[in-house]
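Here the structure is a predicted model, which means the values were calculated and not measured.
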Amino acid sequence: MNASNASAGREAGNGQDHPAAQDHPAPSPDAPAAPAPPATPPDGPATPADPAARDRAQAADGRAPGSDPEAAGPAVTYAFLLLPSHNRVYAQSSVALARAELEVFGAAVLGGRLTDVDTTELGGVPYLTFRVRGGLGDRDLRYLSNLSSLYALFALEDGRLTPLPLRRLDKFASDLITIQKYSGKTNEDFTKLLLNVTALATEAPERLLTGELRLLDPLCGRGTTLNQAVMYGLDAAGVDHDGKSFEAYGTFLRQWLKNSRIKHHAETSTVRRDRKSLGRRLHVTLGETKELYKKGEAIEVTVIHADTAASGAFFRRGSFDLIVTDAPYGVRYGSRAAEELSRSPVPLLASALPVWAGLLRPGGALGLSWNTHVARRAELAELLAGHGFTVLDGEPYRGFRHRVDQSIDRDLIVARLERPTGRGR
């Protein structure tokens with residue numbers, strides 16, 4: 001048997017085998033309009049004696065190269081109301097996860113202007129409060145509106161909360177994310193968080209806002225990550241070795257599109273080469289609106305039923321900007337590579353990473369979650385570095401570890417595929 005994703009033996013698919021699916025709370029209510037905070041000023045001049053060295057150091061920490069937080073104007077204080085979670089265990093970690101995601105956003109988008117992140121009780125309700133030098137501009141709010149734990153955002157001044165309108169990227173109703181219920185489903189909020197921090201690690205994170213990023217989940221299971229990408233309006237592709245997961249996702253997506261009356265076309269075919277079957281392919285095109293679909297502006301979803309190490313047979317090199325996936329947790333089922341079953345995902349990743357790296361565009365990013373009980377962060381970082389990735393290991397990326405159950409402590413690692421020296425975008 002070739003290297004396979006763990007869902008060949010997993011009940012859950014989607015790289016995870018912890019307890020049942022978590023309900024997702026209703027989307028946040030529309031906040032009343034409020035005066036916009038001060039616009040973000042342009043970046044100031046570089047102050048270090050060696051700007052190139054500064055940019056390299058900032059990039060390694062996930063910060064925006066060339067940023068100069070000292071050049072910004074007076075700080076504005078904001079309050080972040082967290083999305084309620086119906087999952088008790090996840091809720092216990094939600095503040096720390098929200099803080100880590102916010103700090104990644106601050107490093108990648110605000111260039112160091114984010115300060116004083118803290119938990120503050122206002123009117124008996126806990127908020128995540130923070131300050132931004134120069135305030136949040138329109139572009140900043142477009143990013144911030146999509147943080148996975150954000151329920152409502154306020155400007156805070158003299159104890160008064162002024163609601164700020166959110167500008168979410170969501171293209172479709174929330175049931176695309178929440179309607180699937182099965183044992184082992186990845187928490188939807190965490191899936192969104194992992195996609196967000198991976199997109200922010202690319203060399204062009206602004207393409208998340210314009211829907212230009214293309215995502216691959218090479219251990220896609222029943223498609224939780226693919227659905228989140230579609231919600232953002234991104235083209236998405238997945239690979240999974242488990243036939244039941246492949247069938248289940250195709251059935252779900254077709255039915256959801258039909259029930260939602262979304263213009264689409266879906267077909268399943270067998271991929272052949274030299275008269276040999278390589279695997280099955282589900283290909284779906286769908287439109288955010290009928291008008292966009294008729295104009296040919298469609299979102300594409302492709303799912304392959306095959307071994308993840310064979311992904312290169314189905315997609316061209318450099319086809320994707322993001323690889324976002326959940327590694328096997330090694331509790332009920334392990335991962336397989338070269339016929340060997342292991343609780344650790346390391347053997348699987350060692351076999352698959354050369355293929356995945358080839359499918360990622362230089363400047364793109366990989367985000368991987370895993371169970372820290374069965375693999376060490378240093379092992380994964382070493383593997384990624386050996387395939388041309390730079391692991392973003394600054395402080396913001398060290399705050400995501402959290403408990404899922406007694407057998408699983410989940411963490412994530414994010415790495416950027418560096419562009420060969422001397423080559424532009």
Side-chain angles (χ1 to χ4, degrees), residues 1-23 175-188 190-191 215-230 236-259 264 266-272 276-284 301-311 313-315 324-337 339-343 345 348-349 351-352 369-371 404 407-408:
M1 182 175 180
N2 295 327
S4 69
N5 78 23
S7 62
R10 281 181 287 138
E11 177 183 45
N14 204 38
Q16 192 154 329
D17 45 28
H18 55 78
Q22 316 306 334
D23 292 334
D175 61 351
L176 169 62
I177 305 294
T178 62
I179 198 170
Q180 283 184 293
K181 307 294 181 186
Y182 54 87
S183 177
K185 181 183 179 184
T186 306
N187 182 284
E188 298 99 339
F190 181 77
T191 297
L215 176 145
L216 172 68
D217 182 350
L219 304 168
C220 69
R222 299 192 190 185
T224 304
T225 303
L226 305 183
N227 291 341
Q228 182 58 58
V230 170
V239 181
D240 204 282
H241 193 272
D242 182 35
K244 290 183 179 179
S245 293
F246 177 83
E247 295 290 351
Y249 183 65
T251 299
F252 159 74
L253 189 57
R254 284 184 168 97
Q255 191 63 49
W256 180 82
L257 290 166
K258 180 180 178 181
N259 293 347
H264 70 281
E267 63 178 355
T268 302
S269 60
T270 299
V271 180
R272 299 181 185 277
K276 294 182 180 180
S277 173
L278 300 182
R280 290 183 292 166
R281 175 192 285 128
L282 168 69
H283 186 253
V284 181
V301 181
T302 303
V303 183
I304 302 296
H305 174 210
D307 191 293
T308 190
S311 301
F314 302 94
F315 306 106
V324 179
T325 199
D326 209 13
Y329 284 5
V331 178
R332 294 182 186 173
Y333 307 102
S335 62
R336 285 191 179 274
E339 295 292 345
E340 296 294 330
L341 180 65
S342 172
R343 290 190 66 208
L348 168 64
L349 296 175
S351 298
S369 60
W370 86 101
N371 180 8
V404 175
S407 302
I408 301 169

Quiz item: Side chains of Leu257 and Val284: does their closest heavy-atom pair fall under 4.5 Å?
Solution: yes
Quiz prompt | Results of side chain to side chain contact (heavy atoms under 4.5 Å, CB included) for Glu247 - residues two or more places apart only | solution = Arg280
Quiz item: If every non-hydrogen atom of Phe252 is compared with every non-hydrogen atom of Ile179, which pair is closest and at what distance?
Solution: CE1-CG2, 3.0 Å
Quiz item: Does His241 use its side chain to pair, donor to acceptor, with the backbone of His305 at less than 3.5 Å?
Solution: no
Quiz item: Checking side-chain contact (heavy atoms from CB on, under 4.5 Å) for the pair Leu253/Val303: CA distance, chi angles, key distance, verdict?
Solution: CA-CA 11 Å; Leu253 189 57; Val303 183; over 6 Å; no
Self-check item: side chain to side chain contact (heavy atoms under 4.5 Å, CB included) involving Thr268 - partner list, sequence neighbours excluded
Solution: Phe246, Arg254, Leu282
Quiz item: Taking all atoms of both residues into account, what is the closest heavy-atom pair of Thr191 and Gln228, and its distance?
Solution: CG2-CB, 4.3 Å
Quiz item: Partners of Tyr249 by ring pair (Phe, Tyr, Trp, His ring centres under 6.0 Å), sequence neighbours excluded?
Solution: none
Self-check item: Where Leu278 and Ala313 come nearest, the two heavy atoms and their spacing
Solution: CD1-CB, 4.3 Å
Quiz item: Is the closest side-chain heavy-atom distance between Leu219 and Pro328 below 4.5 Å?
Solution: yes
Exercise. Taking all non-hydrogen atoms of both residues into account, name the closest pair between Thr186 and Phe190 and its distance.
Key: CG2-CD2, 4.4 Å
Quiz item: So among Asp326, Val239, Asp240, which one has a side-chain contact (heavy atoms from CB on, under 4.5 Å) with Cys220?
Solution: Asp240
Quiz item: Do side-chain atoms of Asp217 reach the backbone of Leu226 as a donor and acceptor pair under 3.5 angstrom?
Solution: no
Quiz prompt | Option among Thr251, Asn227, Asp175 that satisfies the side chain to side chain donor-acceptor pair (under 3.5 Å) test with Trp256 | solution = Asp175
Self-check item: Test side chain to side chain contact (heavy atoms under 4.5 Å, CB included) applied to Ser269 - qualifying residues, sequence neighbours left out
Solution: Arg281
Practice problem: Not counting sequence neighbours, which residues clear ring pair (Phe, Tyr, Trp, His ring centres under 6.0 Å) with Phe315? List them please. | Solution: Phe320
